[in-house]
Amino acid sequence: MPTRFDFDSNRSVARLDLSPAHSGIFTPGIEAVEITEGQLLRFNELARSLNEGMPALTADQMAGVARRVLRTAATGGQSPFIASRMRRAAEMRALTAESGWTSPQETARRIRDLIAYLDDPNDLIRDDIPVIGRLDDALLVDIAMDTLRDEVEDYAEFRRYRFSEAARRGIPMEELDLDRPRWQVEREDELRLEHQLRRVRGSDYSAGAAERVFRVC
């Protein structure tokens with residue numbers, strides 16, 4: 001059954017009807033969500049700045065995603081999609097707060113703009129709405145991951161390396177003098193060593209090979 005939208009051109013507001021008759025599930029506190037066209041425009045502009053290939057979402061598409069989230073979360077009360085993307089957002093926050101980690105300028109700009117939106121109480125969907133209050137935030141994180149995944153995963157690897165290195169030296173992780181450039185150098189050294197060891201392990205050190213090279217006449 002299609003979702004009904006009531007557009008008031010004077011107020012420029014889209015009413016996303018999420019009543020049980022349309023969403024297929026009853027969620028206390030959710031009958032409808034109102035978003036302004038200006039909020040939707042801002043959302044889409046940010047989405048494109050995070051990922052240039054992202055087409056604009058319509059209010060109809062946003063309501064469809066909201067309905068799916070409500071159905072998925074019907075039994076557990078929490079959306080796995082939203083929860084997983086908010087964990088990714090937490091990783092980005094940690095990345096920006098890390099004194100030893102400096103991101104490339106454009107990457108840093110994307111993360112900064114994304115976090116500013118997540119912290120804005122006047123975003124597309126109010127955060128205090130049950131279940132779907134963070135849906136717009138999660139969608140932007142998901143959109144941004146196409147361009148930020150390598151950065152987030154590199155930072156996670158940096159943290160793992162720093163933790164293991166501090167444990168090896170027997171010192172607190174905070175006392176370890178390690179930043180991104182130094183970590184990159186040490187990682188490259190490790191990769192070269194690993195490549196060399198693979199070559200050695202793959203070499204033929206059998207008796208036959210030794211006889212061919214060191215034949216006794």
Side-chain angles (χ1 to χ4, degrees), residues 3 16 18 20 22-30 33 35 39-40 42-98 100-101 103-104 106-164 173 180 183:
T3 301
L16 311 188
L18 300 174
H22 291 84
S23 67
I25 188 71
F26 172 72
T27 304
I30 300 180
V33 174
I35 60 175
Q39 288 172 323
L40 186 59
R42 177 196 174 200
F43 175 93
N44 283 319
E45 286 178 345
L46 178 55
R48 281 193 296 271
S49 76
L50 295 172
N51 186 342
E52 294 179 358
M54 182 65 195
L57 291 177
T58 65
D60 193 8
Q61 290 171 319
M62 187 67 67
V65 175
R67 289 197 306 271
R68 289 195 294 273
V69 166
L70 287 173
R71 294 181 189 125
T72 302
T75 56
Q78 185 182 31
S79 164
F81 171 80
I82 294 177
S84 64
R85 273 54 179 185
M86 289 302 96
R87 286 193 294 271
R88 283 295 198 181
E91 293 170 358
M92 294 180 197
R93 290 182 188 276
L95 182 156
T96 60
E98 175 64 62
W101 188 265
S103 298
E106 181 60 17
T107 298
R109 192 276 304 169
R110 286 189 171 104
I111 295 175
R112 183 173 59 250
D113 290 350
L114 176 59
I115 291 176
Y117 181 93
L118 301 183
D119 292 342
D120 187 351
N122 299 314
D123 55 10
L124 187 64
I125 301 176
R126 290 197 333 269
D127 294 346
D128 61 350
I129 295 177
V131 184
I132 62 169
R134 285 286 190 177
L135 175 58
D136 55 327
D137 300 338
L139 286 171
L140 283 176
V141 172
D142 192 67
I143 290 167
M145 284 306 295
D146 280 349
T147 56
L148 299 178
R149 180 172 286 102
D150 288 346
E151 183 73 5
V152 173
E153 292 180 354
D154 279 352
Y155 176 65
E157 185 178 337
F158 167 78
R159 284 182 59 86
R160 286 192 295 269
Y161 179 83
R162 188 174 62 174
F163 178 83
S164 62
M173 195 163 59
R180 184 174 191 168
W183 166 73

Q: Step through the shown structure and confirm whether more than 12 heavy atoms of other residues, nucleotides or ligands are within 6.0 Å of CD on E106.
A: yes
Residue pair [X] / [Y]: nearest heavy atoms and the distance that separates them:
X: I132; Y: A66; value: CG2-O, 4.1 Å
X: M86; Y: V141; value: CE-CG2, 4.1 Å
X: V152; Y: R88; value: CG1-NH1, 3.4 Å
X: I125; Y: I129; value: CG2-CD1, 3.9 Å
X: F43; Y: D136; value: CE1-O, 3.5 Å
X: R42; Y: D123; value: NH1-CA, 4.1 Å

Report the residues that fulfil salt bridge (Lys or Arg N to Asp or Glu O under 4.0 Å) with [X], sequence neighbours left out, ordered by chain and then residue number.
X: R126; result: D128
X: D154; result: R187
X: E45; result: none

Q: Using side chain to side chain donor-acceptor pair (under 3.5 Å) as the criterion, list what pairs up with R93, not counting sequence neighbours.
A: D119
Q | D113: partners by side chain to side chain donor-acceptor pair (under 3.5 Å), with sequence neighbours left out | A | R109
**Q.** Under the ring-ring contact (aromatic ring centres under 6.0 Å, His included) test, residues paired with Y155 that sit two or more places apart
**A.** W101
Quick one: pull up [atom1] in [X] and [atom2] in [Y] and give me the separation to the nearest 0.5 Å.
X: E151; Y: M145; atom1: CD; atom2: CE; value: 10.5 Å
X: M62; Y: D60; atom1: CE; atom2: CG; value: 11.0 Å
X: L139; Y: R85; atom1: CG; atom2: CZ; value: 9.0 Å
X: D137; Y: I82; atom1: CG; atom2: CD1; value: 8.5 Å
X: Q61; Y: L40; atom1: CD; atom2: CG; value: 9.5 Å
X: I143; Y: L148; atom1: CD1; atom2: CG; value: 11.5 Å

Are the side chain of [X] and the backbone of [Y] linked by a donor-acceptor contact shorter than 3.5 Å?
X: R134; Y: L118; result: yes
X: R162; Y: F158; result: no
X: T147; Y: L50; result: yes
X: N44; Y: L57; result: yes

